[in-house]
Amino acid sequence: MDESVQPNMVIKSSSIVEDYEVLWRKSLGTGVSGPVRLCVKRNTGEKYALKCLVDSKKARTEVLLHQRCCPHPNIVQIYDVYCNSVQFPREAVARSRLLVVMELMNGGELFDQIIREKHFTEKKAAAITKQIVSAVCHCHSLNIAHRDLKPENLLLKEKSEDLQNVTIKLADFGFAKEDIGLVTPQFTPYYVAPQVLEAQKQQRLERSGLKTPPGTPYTYDKSCDMWSVGVIIYIMLCGYPPFFPETPSKQMTPNMKRKIMAGEYRFPENEWSMVSGMAKDVIQRLLEVDPVKRMTVQEFIHHPWLLGEEAPELALLSPAIMQDKDALNEVMHAHAQQLTAMRTPDTSFQLKPLKSAENPILKKRLKAR
Ligand SMILES: Nc1ncnc2c1ncn2[C@@H]1O[C@H](COP(=O)(O)OP(=O)(O)OP(=O)(O)O)[C@@H](O)[C@H]1O
């Protein structure tokens with residue numbers, strides 16, 4: 001048998017070069033897992049993007065969850081996956097790698113296109129958001145949280161003069177997670193207690209053979225995706241992020257964490273006076289501190305702002321502000337850091353086992369048992 005099969009995933013063990021010509025030196029972009037390369041299907045001449053991942057449980061989860069979310073018009077499509085032994089120059093030995101053939105996104109990253117826009121308006125920002133939300137809605141309805149929603153992972157199908165007509169797709173499922181709300185109780189911050197209850201309810205439903213209804217349940221990881229969408233909209237509308245450190249910093253400062261936890265951000269008059277109240281309402285609901293109260297994707301998809309009917313046609317200041325490449329890189333770095341912080345379980349909230357409690361009243365009670 002040529003293929004190893006996991007539910008929803010077919011991995012070919014035949015050599016990729018039989019089917020595709022891989023242009024190993026042609027990098028389309030680089031991430032932590034190395035360059036994404038160009039490849040051409042031999043029997044059609046069609047071009048694709050190729051991501052090479054060292055074979056591991058994590059890599060297989062990435063591919064599996066990405067494939068589960070395909071096909072969708074706003075998610076980068078996976079066409080083929082191979083598991084081949086590959087040795088790159090400067091490597092001592094060959095390594096088993098997953099070679100993921102994806103649709104080619106020729107238009108680059110979303111923010112690079114926004115910078116080039118001559119007349120970027122709130123209406124366009126709403127149209128872009130609609131596509132992003134459609135992708136997120138699809139993932140969440142399958143109980144998959146993306147957890148790495150950042151501008152670098154929003155790719156354009158092709159280059160265009162006008163963002164209004166371009167298809168935007170979500171890429172990179174490297175941090176995606178099946179999210180049915182199974183949060184280990186000892187790592188659960190107190191404020192997410194309702195979702196633990198919800199998760200337990202869902203577990204009971206699943207055990208009894210009932211399927212999880214689409215769009216539910218509410219869970220922490222999904223709410224993080226919504227927070228990210230809020231940050232991305234905020235930046236599109238004004239050109240800078242809602243939360244930023246006073247001085248440039250490579251690390252996430254305690255003060256930054258405090259600001260995020262307290263929802264401490266503003267709508268400075270200079271850039272925001274030209275933005276509608278409806279857009280601000282959307283941002284406020286997405287940057288809501290309490291993940292339980294934060295707007296879900298199901299709620300957002302019906303929000304009138306997404307229709308863009310009442311959005312002003314005024315040219316926003318954001319493209320000009322984002323042209324400062326260093327500042328923009330700092331913005332993207334800060335957002336990536338914030339996402340990392342959100343993905344890390346907060347061990348400071350670990351609940352002590354009852355037996356090790358120092359509380360004298362508890363000790364007395366335990367003795368009396
Ligand atoms: N389908 C595609 N078509 C064209 N370019 C792509 C495609 N997928 C990825 N790229 C380019 O390659 C870059 C890295 O891709 P990707 O984010 O999937 O890799 P990664 O190693 O997981 O990165 P990260 O460091 O963001 O986790 C992207 O930012 C983009 O510029």
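Values reported hereafter were calculated over all heavy atoms of this structure, with side chains retained and with hydrogens, waters and symmetry mates removed. As the structure lists them, so they are numbered: ligands from 1, and atoms in each ligand from 1.
The aromatic rings of Tyr48 and Tyr20 sit perpendicular, their planes meeting at an angle over 60°, well past the 30° parallel limit. Taking the six-membered ring where tryptophan is involved, the planes of Phe173 and His146 are perpendicular, since the angle between them exceeds 60° and thus also 30°.
The distance from ligand 1 to the heavy atoms of Val76 drops below 4.0 Å at these ligand atoms: 1 (N). The contact set between ligand 1 and Glu109, taken as ligand atoms under 4.0 Å from a residue heavy atom, comprises 29 (O), 31 (O). If you number the atoms of ligand 1 from 1 as listed, the ones under 4.0 Å from a heavy atom of Met102 come out as 1 (N), 8 (N). Short contacts between ligand 1 and Ser33, defined as distances under 4.0 Å to a heavy atom of the residue, involve ligand atoms 20 (P), 21 (O), 22 (O). Residue contact check: Lys150 has heavy atoms under 4.0 Å from atoms 26 (O) of ligand 1. Heavy-atom contacts of Ala49 reach the following atoms of ligand 1: 1 (N), 2 (C), 3 (N) (cutoff under 4.0 Å). Close approach of ligand 1 to Glu152 (heavy-atom distance below 4.0 Å) involves ligand atoms 29 (O).
Summarising the contacts of atom 30 (C) of ligand 1 with Leu38, Leu155, Leu53, Leu156, the nearest heavy atom is found in Leu155.
For the pair Glu109 and Met332, the minimum side-chain heavy-atom distance is below 4.5 Å. When side chains are defined from C-beta on, Met236 counts as touching Thr129, because their heavy atoms get closer than 4.5 Å. A 4.5 Å side-chain heavy-atom check between Lys47 and Val40 finds at least one atom pair inside the cut-off.
Looking at Val86, Val81, Asn84, Asp80 one by one, the single match for side chain to side chain contact (heavy atoms under 4.5 Å, CB included) with Ile16 turns out to be Asn84.
Using a 4.0 Å cut-off between heavy atoms, Val32 contacts ligand 1 through both its backbone and its side chain.
Cation-pi geometry between Arg37 and Phe88 is met: the NZ or CZ atom falls under 6.0 Å from the ring centre, inside 45° of the normal.
The protein heavy-atom contact nearest to atom 17 (O) of ligand 1 is Asp172 OD2, 3.0 Å. With hydrogens left out, the protein atom closest to atom 5 (N) of ligand 1 is Leu28 CB, 3.8 Å, a heavy atom.
Remark: ligand 1 and Asp148 share no N or O pair separated by less than 3.5 Å (distance only, no angle test). When only interatomic distances are considered, the shortest N/O to N/O separation between Leu104 and ligand 1 does not fall below 3.5 Å.
You'll find the ring centres of Phe267 and Tyr265 inside the 6.0 Å limit.
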